[in-house]
Undergrad: 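This is the structure I have questions about; it appears just below.
Note that these values count all heavy atoms, side chains included, but never hydrogens, waters or copies made by symmetry.
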Amino acid sequence: MVFDIEVPEPPDLSNRGMPREFEWQEETLGSEDFYREDLEDLLQEGAWKEGFNEWTEYTNLNEEQVRIVSDLGLFQAFDFYWDPTEDRLRFDAPTISDAQRGET
């Protein structure tokens with residue numbers, strides 16, 4: 001699906017803490033680099049735009065829903081990092097809080 005919206009800015013990966021649900025394994029202690037700075041550079045250089053455009057082709061969200069996600073800052077809340085325990089790229093997707101859903 002093609003949306004008539006601008007690609008949001010890629011997330012700022014600096015000053016992020018430990019990824020959610022991440023546990024160090026004994027064999028990877030000492031390799032605490034999640035390579036976020038390198039990943040942020042790749043996102044800025046076009047990977048974010050390419051990935052976002054591909055995502056819009058396959059998402060089941062409509063344009064209004066994508067605008068809401070963008071307005072809530074959820075795209076910027078994505079966390080990308082290199083997982084040294086599994087030796088692969090991973091991400092933490094943001095969740096929508098009850099307040100953002102309008103629930104009490």
Side-chain angles (χ1 to χ4, degrees):
M1 180 177 294
V2 178
F3 297 122
D4 186 28
I5 61 172
E6 280 189 46
V7 175
E9 288 295 314
D12 177 358
L13 301 180
S14 61
N15 299 319
R16 300 275 180 132
M18 180 79 72
R20 286 187 312 215
E21 300 179 27
F22 184 83
E23 294 182 27
W24 286 109
Q25 304 298 319
E26 187 174 316
E27 64 272 10
T28 57
L29 288 177
S31 57
E32 288 85 13
D33 192 349
F34 294 113
Y35 294 99
R36 285 185 171 124
E37 185 176 313
D38 296 331
L39 293 170
E40 186 172 18
D41 289 344
L42 290 172
L43 294 175
Q44 291 287 343
E45 291 169 3
W48 177 259
K49 183 176 182 177
E50 182 179 332
F52 183 85
N53 287 333
E54 183 175 336
W55 173 79
T56 61
E57 291 178 28
Y58 299 101
T59 185
N60 59 359
L61 299 178
N62 63 38
E63 188 169 327
E64 180 182 357
Q65 292 167 324
V66 172
R67 287 184 192 280
I68 291 169
V69 168
S70 184
D71 290 346
L72 291 173
L74 295 177
F75 292 120
Q76 284 68 41
F78 266 93
D79 184 14
F80 296 93
Y81 60 95
W82 184 257
D83 183 340
T85 61
E86 295 185 17
D87 201 29
R88 70 181 184 102
L89 178 67
R90 293 188 59 185
F91 67 91
D92 285 339
T95 58
I96 299 173
S97 70
D98 290 342
Q100 291 168 323
R101 290 182 189 161
E103 299 175 10
T104 56

Undergrad: Under a 4.5 Å cut-off applied to non-hydrogen side-chain atoms, are F91 and L39 in contact?
TA: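 No, every pair of side-chain atoms sits at 4.5 Å or beyond.
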Undergrad: Verify, without hydrogens or angle tests, whether T56 (side chain) and N53 (backbone) share a donor-acceptor contact under 3.5 angstrom.
TA: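 Yes.
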Undergrad: Could you state the interatomic distance from NZ (K49) to CD (E54), rounded to the nearest 0.5 Å?
TA: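 Between atom NZ of K49 and atom CD of E54 there are 14.5 Å.
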Undergrad: List the atom of Q76, the atom of P11, and the distance in Å for their closest heavy-atom pair.
TA: O-CB, 3.3 Å
Undergrad: Once you round to the nearest 0.5 Å, how far does CH2 of W82 lie from CZ of R88?
TA: 9.0 Å
Undergrad: Can you tell me how far CD1 of I5 sits from CZ of F52, rounded to the nearest 0.5 angstrom?
TA: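 Between atom CZ of F52 and atom CD1 of I5 there are 4.0 Å.
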Undergrad: Output the distance between atom CZ (R16) and atom CZ (F78), rounded to the nearest 0.5 Å.
TA: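 Result: 10.5 Å between the selected atoms.
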Undergrad: Just verifying a value: how many Å separate L43 CG and D38 CG, rounded to the nearest 0.5 Å?
TA: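 That separation rounds to 11.0 Å.
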Undergrad: Quick one: which residue pairs count as a side chain to side chain donor-acceptor pair (under 3.5 Å) with a foot in residues 65-74, not counting sequence neighbours?
TA: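 Listed once each, the pairs are E63-R67.
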Undergrad: With sequence neighbours left out, write down each residue that passes ring-ring contact (aromatic ring centres under 6.0 Å, His included) with Y81, or none if nothing qualifies.
TA: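 If we apply the ring-ring contact (aromatic ring centres under 6.0 Å, His included) test to Y81, skipping adjacent residues, the hits are F34.
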Undergrad: Would the number of heavy atoms belonging to other residues, nucleotides or ligands and lying under 6.0 Å from OH of Y35 be above 12?
TA: no
Undergrad: Once rounded to the nearest 0.5 Å, what's the spacing between atom CG of L13 and atom CD of Q44?
TA: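 If I round to the nearest 0.5 Å, the distance is 9.0 Å.
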Undergrad: So, for R36 and F80, which heavy atoms are closest and what is the spacing to 0.1 Å?
TA: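 Shortest heavy-atom contact: CG-O, 3.4 Å.
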